[in-house]
Amino acid sequence: MKSFAGVAASPGYAYGPAHRLGQNIIVPERCVVANTEVPQQIERFKSAVDLAKQQIEKLVERLNLELGPGEADILSAQLLILEDEMVWDATLAVIRLERINAEAAFARAVGDIAARFLEMENETFRERVNDLHDVEQRVLRAFQGSEEVSLDLPAVPSIIVATNLTPSDTATLGRTNVLGFLMEEGGNTSHVAILARSIGVPAVVGLKSFLGIVDSADPIAVDGNTGIFIADPDNETINEFRRLQADALVKCEKLASLRDLDPITPDGHRIRLMANIELPVEVDEALARGAEGIGLLRTEYLYFQHNNIPTEDEQTSIYSDLIKTMAGKPVIFRTLDVGGDKVSDYLGAKREYNPFLGWRGIRFSLANRSLFRNQLKAICRAAVAGPVKIMFPMISGVQELRQAKEIYLEAVAELESEGKDFHHDLDLGIMVETPSAVLVADLLAAECDFFSIGSNDLIQYTLAMDRGNARVSYLYQPLHPSILRAIKTTVEAAHRAGIWVGLCGEMGSETRLAEVLLGLGLDEISLHGAALPKVKQVIRWTTLEEAEALVEKLMNAATAEEANQWLAQYIQDRKDKRQNKEY
Ligand code: PEP
Ligand code: MG
C-alpha cells in the first residue's frame with residue numbers, strides 16, 4: 001500500500017478498481033509473411049475490424065441508453081471510417097503487395113491516409129485525422145483481442161484514471177460506473193474537477209507521474225477531501241473508507257430535509273441558490289437537492305456531445321426539453337464558451353499556444369456570427385417553454401457586450417421575419433470573469449440586466465495562474481485580497497446600477513466560503529447540486545450582519561494565508577458555539 005498527494009478537486013471517498021483511459025499507444029510490429037499467408041492476414045484484418053465495430057456498436061447502445069438518442073455521434077463517426085472503402089482498399093493493397101502482417105499493413109494505410117488529409121486545404125479532411133487515429137488504435141487493440149479502448153466506458157464501478165480528459169471525453173464518459181477520478185494533470189477548476197463535483201464523486205488531480213504505477217483493474221482508493229490517492233489499499237484502509245462513506249451518506253440524508261426550505265438567513269435576508277449544469281442528465285439531481293433554477297447552463301457541453309454543429313431546430317428542441325423539466329424554474333443559458341481548455345475540432349476552436357488568452361468565449365462567438373445567431377434564435381424559441389435568461393461569457397468591455405446584443409437583435413429580427421413562435425424580451429446578462437470586466441463593471445452594469453461572477457476564470461486571470469496547470473494550482477486563492485476586492489467592486493457596481501449579481505464559479509460550491517459570499521452581498525449563488533444543501537444550511541445559520549462583519553475582517557487581511565486562517569478560526573468558533581455541528 002502506498003499513498004500519494006495531489007490536488008483535492010472534488011470531495012468524497014471512493015475505492016474500487018482503476019479504469020485507465022487513453023493509455024498505451026499501440027505501434028504494431030512489422031513482419032513479412034509468406035505469399036501463402038496473405039489470405040489469412042486478410043481474414044485477420046476483417047475479424048479485427050468486425051470486433052472493433054461490435055465494440056463501438058455496444059458503446060453507442062450504452063451511451064444512447066444513458067444519455068439519450070443522438071449523444072453517441074462521436075462514436076458513430078468511427079463506424080463510418082471502418083466501413084470506408086479507402087481504408088479497406090489501402091490496407092488490402094499493402095498486405096497483398098508488400099506481404100506484411102495485417103496490423104502493420106492497416107497502421108501503414110491509416111498513416112498514409114492521415115498524411116494525405118493533413119496536406120489538404122479542406123479543413124474537414126484535416127479534422128478527420130483525430131478520428132482516424134482513434135479508430136486505428138481501436139482496431140489495433142482488437143487485433144490483440146483486447147476490449148479496452150480510449151473512450152471505453154467502465155464495465156464495472158471504477159475509478160477513472162487518465163492523464164487528463166477533455167470536456168468531450170467527459171461528455172461521452174457520462175456517469176455510469178464512475179466512482180471517482182484520478183488525473184495526472186489539472187487544477188481544481190479544470191473541467192474534470194467541475195464534472196466530478198457536479199456528479200458528486202471524488203477527484204484528485206495534478207498527480208503528475210504518480211499514476212504511472214496504476215493499471216486498469218488495480219485496486220485503489222481516493223480521498224477527494226484531502227487530495228490523497230492510495231494504491232493497493234489494505235483491508236484496514238478499505239474499512240476506514242467504508243466508514244467515511246457511510247458517515248457522508250448519513251450527513252447527506254440529514255441535509256435532504258432542507259430541500260424545500262428557503263435559503264434565508266435568521267435575520268430574514270434571502271439569496272437564491274441555483275444549479276450549475278453541464279449535461280441535461282444532471283438536472284434531476286439538482287432539483288432533488290433543492291435548486292431554485294439553473295444559474296449556469298454550460299451550453300458548450302451540448303455541442304461537445306455532437307460531432308456536427310447542432311442545427312437551430314435541434315438546439316431548440318434540446319433547450320425546450322430542459323426548460324420543461326425545470327417546470328417554471330428559471331434557466332440561465334450561457335452562450336457557447338469554447339476555446340481555452342474546451343477545444344472542439346469540428347467547431348474550429350483549436351489548441352493554441354496560449355489558449356486561455358486566445359480565441360475563447362465571446363470572442364469566438366462574435367467571430368462566428370451565424371453560429372452565434374443560431375444559438376440565440378434557438379434559446380429565444382425555447383424560451384416560450386419557461387423563464388429564460390441569456391448570459392455572455394468572457395466579456396472584457398462594453399464593446400463586446402454591445403456587439404453581442406446587436407447579434408441578439410438580429411436573431412430576434414430573423415425570427416420575426418420567419419414568423420416563428422419565440423420570446424423576444426429576454427434578460428441579457430454577462431459573466432464577470434476578466435479583471436477588465438471588474439474594472440469597468442459600472443459601465444457594463446449600465447448596459448445589461450445582470451452579472452454573474454465567474455470566479456474560476458476571474459481567479460485565473462487576476463492571479464495569472466493557469467487553472468488547468470497543477471504546478472500553479474497553489475495560486476488558486478479565492479480569499480486573496482485581489483479576489484475579495486474584485487468581487488466587492490463588482491457587487492457594488494451592480495447594485496448601484498440596480499441590477500442583481502450572482503456568482504457561478506467553483507467558489508460557490510465551497511461550504512467554507514458560503515458566509516463570505518453572503519457577506520459580500522451576492523444575490524445569487526449558482527453551484528453544484530451536490531454542494532447545495534450544505535451551503536443552504538450555512539446560510540440558514542448565519543445572519544447577514546455576522547456575514548458582513550466576517551467579510552469586513554477578511555478584507556483587512558494582507559494575504560490569502562491570513563484570510564484563510566481567520567476564516568478557519570471563525571468557522572471553528574461557530575462550530576464550538578453550535579456544539580460542534582458540522583459545516
Ligand atoms: C467561471 O469561469 O467561473 C465559470 C463559471 O465558467 P467556466 O468554468 O465554464 O469557465
Ligand atoms: Mg469561465
Side-chain angles (χ1 to χ4, degrees), residues 11 225 251-252 254-274 289-292 295 432 451-453 455 458-459 477-496 500-528 530-583:
N225 294 47
K251 274 181 210 152
C252 184
K254 269 198 213 150
L255 288 168
S257 60
L258 291 174
R259 199 190 69 179
D260 300 318
L261 300 179
D262 285 335
I264 189 163
T265 63
D267 51 350
H269 179 75
R270 196 188 188 297
I271 73 171
R272 291 186 301 275
L273 290 183
M274 312 278 275
R289 303 288 183 124
E292 297 177 77
V432 176
F451 282 168
S452 185
I453 298 173
S455 56
L458 187 59
I459 294 174
Q477 295 175 335
L479 295 184
H480 192 286
S482 62
I483 304 302
L484 293 177
R485 289 179 191 193
I487 298 177
K488 197 161 196 298
T489 304
T490 308
V491 170
E492 284 171 357
H495 288 169
R496 264 198 309 271
W500 64 265
V501 49
L503 178 141
C504 61
E506 296 302 297
M507 269 180 87
S509 298
E510 279 190 67
T511 321
R512 74 181 183 111
L513 299 179
E515 281 146 295
V516 183
L517 298 182
L518 179 68
L520 280 164
L522 289 153
D523 303 298
E524 172 176 308
I525 304 174
S526 189
L527 69 167
H528 296 296
L532 197 146
K534 273 192 181 173
V535 168
K536 190 190 277 187
Q537 175 74 279
V538 175
I539 285 163
R540 291 179 57 83
W541 279 345
T542 317
T543 62
L544 181 62
E545 207 184 327
E546 283 166 327
E548 284 173 346
L550 169 67
V551 167
E552 209 180 307
K553 183 163 166 65
L554 296 182
M555 297 285 299
N556 285 322
T559 65
E561 289 73 17
E562 224 169 88
N564 278 321
Q565 274 166 17
W566 290 354
L567 179 62
Q569 187 56 53
Y570 168 88
I571 290 175
Q572 191 52 51
D573 292 349
R574 304 255 308 158
K575 269 189 193 169
D576 292 345
K577 251 197 238 153
R578 301 191 54 81
Q579 278 119 33
N580 230 4
K581 269 198 186 147
E582 286 279 351
Y583 260 54

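- Taking CG from Asp267 and OG1 from Thr265, the interatomic distance works out to 3.5 Å, rounded to the nearest 0.5 Å.
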Side chain to side chain contact (heavy atoms under 4.5 Å, CB included) between His528 and Arg289, intermediate numbers included: CA-CA 9 Å; His528 296 296; Arg289 303 288 183 124; over 6 Å; no
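- Between Tyr570 atom OH and Lys575 atom NZ the span is 13.0 Å, to the nearest 0.5 Å.
- The side-chain contact (heavy atoms from CB on, under 4.5 Å) search around Glu548 returns Leu544, not counting sequence neighbours.
- With sequence neighbours excluded, the residues forming a side-chain contact (heavy atoms from CB on, under 4.5 Å) with Arg540 are Leu258, Leu261, Ile264, Lys536, listed by chain and number.
- Side-chain polar atoms of Glu506 and Ser509 form no donor-acceptor pair below 3.5 angstrom.
- Side-chain contact, Trp566 with Glu562: no donor N or O sits under 3.5 Å from an acceptor N or O.
- Side-chain contact between Trp500 and Arg272 is present, with at least one heavy-atom pair separated by less than 4.5 Å.
- Rounding to the nearest 0.5 angstrom, the gap separating the CG atom in Leu522 from the CG atom in Leu503 is 5.5 Å.
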Go through it in stages, so that I can follow the logic: the residues are Leu550 and Glu546, the test is side chain to side chain contact (heavy atoms under 4.5 Å, CB included), and I'd like the CA-CA distance, side-chain angles, deciding distance and then a yes or no. CA-CA 6 Å; Leu550 169 67; Glu546 283 166 327; over 6 Å; no
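- With sequence neighbours excluded, the residues forming a salt bridge (charged side-chain N to carboxylate O under 4.0 Å, His left out) with Asp262 are Arg270, listed by chain and number.
- The shortest heavy-atom contact between Gly508 and Leu517 is CA-CD1, 3.8 Å.
- Here Arg259 pairs with nothing under the side chain to side chain donor-acceptor pair (under 3.5 Å) rule; sequence neighbours left out.
- Atom-to-atom distance recorded for Glu524:CD and Cys504:SG is 8.5 Å, nearest 0.5 angstrom.
- Between Leu532 and Ala291, the closest heavy-atom pair is CD1-CA, 3.7 Å.
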Side chain to side chain contact (heavy atoms under 4.5 Å, CB included) for Trp541 and Arg574? Distances and angles first, verdict last. CA-CA 10 Å; Trp541 279 345; Arg574 304 255 308 158; 3.8 Å; yes
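- Proximity of Glu292 to Pro263: side-chain heavy atoms (C-beta onward) are separated by under 4.5 Å at one or more points.
- Contact between Val516 and Leu554 at its shortest, heavy atoms only, is CG2-CD1, 3.8 Å.
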Identify each donor-acceptor pair in which a side-chain atom of residues 478-489 lies under 3.5 Å from a protein atom, sequence neighbours left out, and give them as a table.
residue, atom, partner, partner atom, Å
His480, ND1, Ser482, N, 3.0
His480, ND1, Ser482, OG, 2.9
Lys488, NZ, Glu492, OE2, 2.9
Thr489, OG1, Arg485, O, 2.7

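- Val538 pairs with exactly one of Thr511, Leu513, Ile571 by the side chain to side chain contact (heavy atoms under 4.5 Å, CB included) rule, that one being Thr511.
- Qualifying side chain to side chain donor-acceptor pair (under 3.5 Å) partners for Asn556, counting only residues two or more places apart in sequence or in other chains: none.
- Thr490 pairs by the side chain to side chain donor-acceptor pair (under 3.5 Å) definition with nothing, not counting sequence neighbours.
- Smallest separation of non-hydrogen atoms from Ser526 and Gly295: OG-CA, 3.2 Å.
- Shown here are the side chain to side chain donor-acceptor pair (under 3.5 Å) partners of Asp573, two or more places apart in sequence or in another chain: Gln569.
- Under the rule for a side-chain contact (heavy atoms from CB on, under 4.5 Å), the partners of Ala547 that lie at least two apart in sequence or sit in another chain are Leu518, Thr542.
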